[in-house]
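The structure under discussion appears below in the form of C-alpha coordinates.
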Amino acid sequence: MPREESQTVLDVVTYVQRHLDASLAYRFACRVGMCGSCAMTVNGQSRWTCRTHVSRVADDGRLEIAPLHNLPVVRDLVTDMTEFFDKWAKARGRFTGTRSRHEDFERVPPAGRREEVDAGIECIGCGVCYSACDVVSWNPDYAGPAALNRAWTLVQDVRDAATIERLRAVAGDAGAHACHTHMSCTERCPKQISPTAGIAGLKRAIAMAALKGEL
Amino acid sequence: MSARTQTFLWIGQRASAAVLALCVLVHLCTIIYAVRGGLSAAEILGRTRGNAAWLGFYSVFVFAVAVHVPIGLRSILAEWFGWQDESRDLVLWVLAAVLAMMGIRAVFGVFG
(Lines give C-alpha, C1' and ligand atoms only; values in the text may rest on other atoms or scores of the structure.)
Protein backbone atom coordinates (compact mmCIF):
# COMPACT_ATOMS: atom_id res chain seq x y z
CA MET A 1 0.00 0.00 0.00
CA PRO A 2 1.66 3.29 -1.09
CA ARG A 3 1.78 5.88 1.70
CA GLU A 4 0.83 9.44 0.81
CA GLU A 5 0.76 12.69 2.66
CA SER A 6 -2.55 13.35 4.52
CA GLN A 7 -3.74 9.88 3.49
CA THR A 8 -6.97 8.87 5.21
CA VAL A 9 -8.15 5.41 6.16
CA LEU A 10 -10.93 5.80 3.59
CA ASP A 11 -8.24 6.50 0.95
CA VAL A 12 -6.65 3.18 1.91
CA VAL A 13 -9.93 1.27 1.62
CA THR A 14 -10.62 2.94 -1.74
CA TYR A 15 -7.13 1.99 -2.98
CA VAL A 16 -7.73 -1.62 -2.00
CA GLN A 17 -11.05 -1.68 -3.83
CA ARG A 18 -9.69 -0.03 -6.97
CA HIS A 19 -6.32 -1.72 -7.25
CA LEU A 20 -6.20 -4.91 -5.19
CA ASP A 21 -9.69 -6.42 -4.80
CA ALA A 22 -12.55 -4.97 -6.84
CA SER A 23 -15.06 -7.12 -4.92
CA LEU A 24 -14.48 -5.26 -1.61
CA ALA A 25 -17.73 -3.77 -0.32
CA TYR A 26 -17.65 -0.60 1.77
CA ARG A 27 -19.81 2.48 2.20
CA PHE A 28 -19.01 6.17 1.83
CA ALA A 29 -20.55 9.29 0.33
CA CYS A 30 -19.35 12.79 1.19
CA ARG A 31 -15.69 12.15 2.19
CA VAL A 32 -15.72 15.35 4.30
CA GLY A 33 -17.24 14.22 7.62
CA MET A 34 -20.84 15.21 6.98
CA CYS A 35 -22.79 12.14 5.88
CA GLY A 36 -21.80 9.61 8.54
CA SER A 37 -21.66 6.64 6.16
CA CYS A 38 -17.97 5.63 6.23
CA ALA A 39 -17.63 4.54 9.88
CA MET A 40 -15.59 1.36 10.46
CA THR A 41 -13.32 -0.04 13.12
CA VAL A 42 -9.65 0.79 12.65
CA ASN A 43 -7.20 -1.21 14.75
CA GLY A 44 -10.14 -2.22 16.93
CA GLN A 45 -11.56 1.27 17.51
CA SER A 46 -14.67 2.71 15.89
CA ARG A 47 -13.92 5.77 13.76
CA TRP A 48 -15.10 7.83 10.79
CA THR A 49 -12.60 6.80 8.17
CA CYS A 50 -12.81 9.84 5.86
CA ARG A 51 -11.42 12.17 8.52
CA THR A 52 -8.99 9.75 10.14
CA HIS A 53 -5.42 10.15 8.95
CA VAL A 54 -3.42 6.96 8.59
CA SER A 55 -0.45 8.64 10.27
CA ARG A 56 -2.52 9.10 13.43
CA VAL A 57 -3.81 5.55 13.80
CA ALA A 58 -1.33 3.20 12.10
CA ASP A 59 0.23 0.87 14.63
CA ASP A 60 3.81 0.25 13.51
CA GLY A 61 2.74 0.90 9.91
CA ARG A 62 -0.18 -1.53 10.10
CA LEU A 63 -3.93 -0.99 9.89
CA GLU A 64 -6.60 -3.57 10.65
CA ILE A 65 -9.86 -2.36 9.15
CA ALA A 66 -13.13 -4.09 10.03
CA PRO A 67 -16.86 -3.32 10.05
CA LEU A 68 -18.52 -1.55 13.00
CA HIS A 69 -19.23 -3.64 16.13
CA ASN A 70 -22.76 -4.34 17.44
CA LEU A 71 -24.39 -4.32 13.98
CA PRO A 72 -25.02 -7.20 11.56
CA VAL A 73 -22.52 -7.30 8.69
CA VAL A 74 -24.04 -7.23 5.21
CA ARG A 75 -20.72 -7.82 3.45
CA ASP A 76 -17.05 -6.99 4.06
CA LEU A 77 -17.06 -3.51 5.66
CA VAL A 78 -20.77 -2.79 5.22
CA THR A 79 -23.08 -3.11 8.21
CA ASP A 80 -26.86 -3.19 8.30
CA MET A 81 -27.87 0.05 10.08
CA THR A 82 -31.58 -0.84 10.25
CA GLU A 83 -31.74 -1.57 13.99
CA PHE A 84 -29.62 1.51 14.73
CA PHE A 85 -32.14 3.82 13.06
CA ASP A 86 -35.19 1.82 14.19
CA LYS A 87 -34.09 2.61 17.73
CA TRP A 88 -34.11 6.34 16.93
CA ALA A 89 -37.75 5.96 15.91
CA LYS A 90 -38.53 3.88 19.01
CA ALA A 91 -36.97 6.59 21.19
CA ARG A 92 -39.37 9.05 19.55
CA GLY A 93 -36.53 10.84 17.79
CA ARG A 94 -39.00 12.78 15.63
CA PHE A 95 -39.85 16.42 16.36
CA THR A 96 -43.47 16.94 17.41
CA GLY A 97 -44.45 20.55 16.90
CA THR A 98 -47.63 22.42 17.73
CA ARG A 99 -47.66 25.13 15.06
CA SER A 100 -48.83 24.99 11.49
CA ARG A 101 -47.19 26.63 8.47
CA HIS A 102 -49.73 29.47 8.73
CA GLU A 103 -48.40 30.62 12.08
CA ASP A 104 -45.38 32.78 12.78
CA PHE A 105 -41.96 31.33 13.65
CA GLU A 106 -41.42 30.55 17.31
CA ARG A 107 -38.80 32.74 19.00
CA VAL A 108 -36.37 30.45 20.83
CA PRO A 109 -34.01 32.10 23.34
CA PRO A 110 -30.45 31.09 22.41
CA ALA A 111 -29.45 30.73 26.08
CA GLY A 112 -30.58 28.07 28.55
CA ARG A 113 -32.20 24.91 27.20
CA ARG A 114 -31.27 25.72 23.60
CA GLU A 115 -27.59 25.45 24.58
CA GLU A 116 -28.23 21.82 25.62
CA VAL A 117 -29.82 21.17 22.23
CA ASP A 118 -26.91 22.81 20.38
CA ALA A 119 -24.43 20.62 22.27
CA GLY A 120 -25.98 17.44 20.86
CA ILE A 121 -27.65 18.46 17.59
CA GLU A 122 -24.70 17.93 15.22
CA CYS A 123 -24.95 14.12 15.28
CA ILE A 124 -24.41 12.73 11.77
CA GLY A 125 -25.74 9.25 12.58
CA CYS A 126 -22.48 7.48 11.79
CA GLY A 127 -22.98 4.71 14.37
CA VAL A 128 -19.50 5.08 15.92
CA CYS A 129 -20.96 5.56 19.42
CA TYR A 130 -23.27 2.57 18.98
CA SER A 131 -20.37 0.41 17.88
CA ALA A 132 -18.20 1.56 20.81
CA CYS A 133 -20.89 1.04 23.47
CA ASP A 134 -20.38 -1.88 25.88
CA VAL A 135 -24.01 -1.81 27.01
CA VAL A 136 -25.25 -2.36 23.44
CA SER A 137 -22.99 -5.43 23.20
CA TRP A 138 -24.46 -6.82 26.45
CA ASN A 139 -28.06 -5.80 25.89
CA PRO A 140 -29.21 -5.81 22.24
CA ASP A 141 -32.47 -4.09 23.26
CA TYR A 142 -30.62 -1.03 24.56
CA ALA A 143 -31.48 2.08 22.53
CA GLY A 144 -27.84 3.17 22.35
CA PRO A 145 -26.14 6.55 22.71
CA ALA A 146 -27.19 8.14 19.40
CA ALA A 147 -30.93 7.51 19.80
CA LEU A 148 -30.84 8.71 23.42
CA ASN A 149 -28.82 11.79 22.45
CA ARG A 150 -31.47 12.55 19.83
CA ALA A 151 -34.23 12.13 22.41
CA TRP A 152 -32.39 14.47 24.78
CA THR A 153 -32.10 17.24 22.15
CA LEU A 154 -35.87 17.02 21.62
CA VAL A 155 -36.65 16.95 25.36
CA GLN A 156 -34.67 20.19 25.65
CA ASP A 157 -36.36 21.73 22.60
CA VAL A 158 -38.89 24.27 23.91
CA ARG A 159 -40.99 23.89 20.74
CA ASP A 160 -41.49 20.14 21.10
CA ALA A 161 -44.81 18.94 22.53
CA ALA A 162 -44.18 15.22 23.19
CA THR A 163 -41.80 15.33 26.16
CA ILE A 164 -43.64 12.92 28.47
CA GLU A 165 -44.25 10.34 25.72
CA ARG A 166 -40.58 10.59 24.80
CA LEU A 167 -39.39 10.24 28.40
CA ARG A 168 -41.61 7.17 28.74
CA ALA A 169 -40.11 5.73 25.54
CA VAL A 170 -36.52 6.12 26.75
CA ALA A 171 -36.98 5.11 30.42
CA GLY A 172 -35.99 1.78 31.90
CA ASP A 173 -33.93 -1.29 31.06
CA ALA A 174 -33.74 -0.68 27.30
CA GLY A 175 -33.35 3.08 27.66
CA ALA A 176 -31.39 5.70 29.56
CA HIS A 177 -31.31 3.71 32.82
CA ALA A 178 -29.25 0.94 31.24
CA CYS A 179 -26.31 3.31 30.63
CA HIS A 180 -23.31 2.57 32.89
CA THR A 181 -21.59 5.89 32.12
CA HIS A 182 -18.54 4.16 30.64
CA MET A 183 -18.31 7.16 28.28
CA SER A 184 -16.97 5.18 25.30
CA CYS A 185 -19.53 7.01 23.13
CA THR A 186 -18.29 10.38 24.32
CA GLU A 187 -14.67 9.41 23.80
CA ARG A 188 -15.23 8.09 20.29
CA CYS A 189 -17.82 10.54 18.89
CA PRO A 190 -16.16 12.19 15.87
CA LYS A 191 -18.35 15.28 16.33
CA GLN A 192 -17.25 15.75 19.97
CA ILE A 193 -20.80 15.26 21.21
CA SER A 194 -21.26 13.82 24.70
CA PRO A 195 -24.17 11.37 24.55
CA THR A 196 -23.26 10.45 28.14
CA ALA A 197 -24.19 13.96 29.29
CA GLY A 198 -27.47 13.77 27.39
CA ILE A 199 -28.28 10.37 28.87
CA ALA A 200 -27.55 11.71 32.37
CA GLY A 201 -29.93 14.58 31.60
CA LEU A 202 -32.58 12.09 30.48
CA LYS A 203 -32.17 10.12 33.74
CA ARG A 204 -32.76 13.31 35.74
CA ALA A 205 -35.73 14.36 33.61
CA ILE A 206 -37.31 10.89 33.78
CA ALA A 207 -36.81 10.72 37.57
CA MET A 208 -38.44 14.13 38.04
CA ALA A 209 -41.36 13.15 35.81
CA ALA A 210 -41.79 9.88 37.75
CA LEU A 211 -41.73 11.65 41.12
CA LYS A 212 -44.32 14.16 39.89
CA GLY A 213 -46.54 11.28 38.74
CA GLU A 214 -46.32 12.33 35.08
CA LEU A 215 -44.58 9.25 33.70
CA MET B 1 -42.54 -4.16 33.91
CA SER B 2 -43.60 -0.60 33.13
CA ALA B 3 -41.18 2.26 32.42
CA ARG B 4 -42.48 3.93 35.57
CA THR B 5 -41.64 0.93 37.78
CA GLN B 6 -38.20 0.57 36.20
CA THR B 7 -37.61 4.27 36.85
CA PHE B 8 -38.54 3.86 40.52
CA LEU B 9 -36.15 0.90 40.76
CA TRP B 10 -33.41 3.17 39.43
CA ILE B 11 -34.33 5.93 41.90
CA GLY B 12 -34.42 3.34 44.69
CA GLN B 13 -30.94 2.11 43.86
CA ARG B 14 -29.46 5.62 43.74
CA ALA B 15 -31.18 6.67 46.95
CA SER B 16 -30.13 3.47 48.77
CA ALA B 17 -26.56 3.97 47.52
CA ALA B 18 -26.51 7.43 49.12
CA VAL B 19 -27.78 5.99 52.41
CA LEU B 20 -25.26 3.12 52.23
CA ALA B 21 -22.36 5.51 51.64
CA LEU B 22 -23.17 7.21 54.94
CA CYS B 23 -23.92 3.96 56.78
CA VAL B 24 -20.67 2.29 55.67
CA LEU B 25 -18.70 5.35 56.73
CA VAL B 26 -20.25 5.40 60.21
CA HIS B 27 -19.88 1.61 60.50
CA LEU B 28 -16.17 1.67 59.55
CA CYS B 29 -15.41 4.61 61.83
CA THR B 30 -17.12 2.78 64.69
CA ILE B 31 -15.08 -0.37 64.03
CA ILE B 32 -11.80 1.56 63.96
CA TYR B 33 -12.73 3.39 67.16
CA ALA B 34 -14.10 0.30 68.94
CA VAL B 35 -11.14 -2.07 68.35
CA ARG B 36 -8.49 0.26 69.79
CA GLY B 37 -8.31 -1.72 73.04
CA GLY B 38 -9.02 -5.18 71.51
CA LEU B 39 -12.30 -6.66 70.41
CA SER B 40 -14.72 -8.75 72.45
CA ALA B 41 -18.35 -9.84 72.10
CA ALA B 42 -19.11 -8.42 75.51
CA GLU B 43 -17.82 -5.00 74.49
CA ILE B 44 -19.92 -5.00 71.31
CA LEU B 45 -23.06 -6.11 73.13
CA GLY B 46 -22.40 -3.55 75.85
CA ARG B 47 -22.56 -0.85 73.21
CA THR B 48 -25.59 -2.14 71.31
CA ARG B 49 -27.88 -3.75 73.92
CA GLY B 50 -30.85 -1.56 74.65
CA ASN B 51 -29.45 1.23 72.52
CA ALA B 52 -32.28 2.54 70.34
CA ALA B 53 -29.92 4.76 68.31
CA TRP B 54 -27.84 1.76 67.10
CA LEU B 55 -31.05 -0.21 66.55
CA GLY B 56 -32.36 2.57 64.30
CA PHE B 57 -29.05 3.03 62.51
CA TYR B 58 -28.55 -0.65 61.68
CA SER B 59 -32.21 -1.10 60.73
CA VAL B 60 -31.77 1.66 58.13
CA PHE B 61 -28.49 0.00 57.03
CA VAL B 62 -30.22 -3.36 56.54
CA PHE B 63 -33.15 -1.81 54.70
CA ALA B 64 -30.79 0.03 52.32
CA VAL B 65 -28.89 -3.23 51.62
CA ALA B 66 -32.15 -5.10 50.95
CA VAL B 67 -33.14 -2.43 48.41
CA HIS B 68 -29.73 -1.90 46.80
CA VAL B 69 -28.43 -5.44 46.30
CA PRO B 70 -31.36 -6.98 44.37
CA ILE B 71 -31.66 -3.99 42.01
CA GLY B 72 -27.95 -4.14 41.25
CA LEU B 73 -28.08 -7.90 40.73
CA ARG B 74 -31.02 -7.38 38.38
CA SER B 75 -28.77 -5.56 35.91
CA ILE B 76 -25.88 -7.99 36.37
CA LEU B 77 -28.10 -11.02 35.73
CA ALA B 78 -29.50 -9.40 32.58
CA GLU B 79 -26.18 -8.24 31.16
CA TRP B 80 -23.95 -11.17 32.09
CA PHE B 81 -26.37 -14.09 31.87
CA GLY B 82 -29.20 -12.75 29.69
CA TRP B 83 -31.73 -13.54 32.42
CA GLN B 84 -34.38 -10.87 31.85
CA ASP B 85 -37.78 -12.47 32.33
CA GLU B 86 -40.18 -12.27 35.26
CA SER B 87 -38.64 -15.28 37.02
CA ARG B 88 -35.52 -13.18 37.65
CA ASP B 89 -37.55 -10.44 39.35
CA LEU B 90 -39.42 -13.01 41.44
CA VAL B 91 -36.15 -14.56 42.66
CA LEU B 92 -34.82 -11.08 43.47
CA TRP B 93 -37.96 -10.22 45.49
CA VAL B 94 -37.27 -13.36 47.53
CA LEU B 95 -33.62 -12.35 47.90
CA ALA B 96 -34.66 -8.88 49.12
CA ALA B 97 -36.96 -10.45 51.71
CA VAL B 98 -34.25 -12.88 52.88
CA LEU B 99 -31.67 -10.10 53.19
CA ALA B 100 -34.11 -7.93 55.14
CA MET B 101 -35.16 -10.77 57.48
CA MET B 102 -31.63 -12.00 58.17
CA GLY B 103 -30.39 -8.45 58.68
CA ILE B 104 -33.18 -7.43 61.03
CA ARG B 105 -32.75 -10.71 62.96
CA ALA B 106 -29.07 -9.84 63.48
CA VAL B 107 -29.90 -6.25 64.45
CA PHE B 108 -32.38 -7.41 67.09
CA GLY B 109 -29.95 -10.13 68.14
CA VAL B 110 -27.45 -7.52 69.35
CA PHE B 111 -30.15 -5.13 70.64
CA GLY B 112 -32.14 -7.52 72.83
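Every value quoted in this text rests on a predicted model; they were computed, and no experiment measured them. So you know, we letter chains A, B, ... as the sequences are listed, proteins then strands, and number each from 1.
Residue B/F63 places its CZ atom among 12 or fewer non-hydrogen atoms of other residues, nucleotides or ligands, all under 6.0 Å distant. Counting non-hydrogen atoms of neighbouring residues, nucleotides and ligands closer than 6.0 angstrom, the CD atom of A/E165 exceeds 12 such neighbours. At most 12 non-hydrogen atoms from other residues, nucleotides or ligands lie less than 6.0 angstrom from CZ of A/R31. Counting non-hydrogen atoms of neighbouring residues, nucleotides and ligands closer than 6.0 angstrom, the CG atom of A/D60 reaches no more than 12 such neighbours. Environment of CD in A/E106: crowded, with over 12 heavy atoms of neighbouring residues, nucleotides or ligands closer than 6.0 Å. Other residues, nucleotides and ligands contribute more than 12 heavy atoms inside 6.0 Å of the CH2 atom of B/W83.
Of the atoms belonging to A/A178, it is backbone heavy atoms, and not side-chain ones, that fall under 4.5 Å from chain B.
A distance of 14.0 Å separates CG of A/L167 from CZ of B/R4, quoted to the nearest 0.5 Å. Of the inter-residue distances, the one linking B/I11 atom CD1 with A/M208 atom CE reads 9.0 Å to the nearest 0.5 angstrom. Distance check: B/M1 CE to A/D173 CG gives 7.5 Å after rounding to the nearest 0.5 Å. Interatomic distance, NE2 of A/H177 versus CZ of B/R14, reported as 8.0 Å (0.5 Å rounding). Here the OG1-CZ distance, from B/T7 to A/R168, works out to 10.5 Å after rounding to the nearest 0.5 Å.
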Go through the steps for A/I206 and B/W10 under the test side-chain contact (heavy atoms from CB on, under 4.5 Å), then give the verdict.
-> CA-CA 10 Å; A/I206 294 164; B/W10 181 83; over 6 Å; no
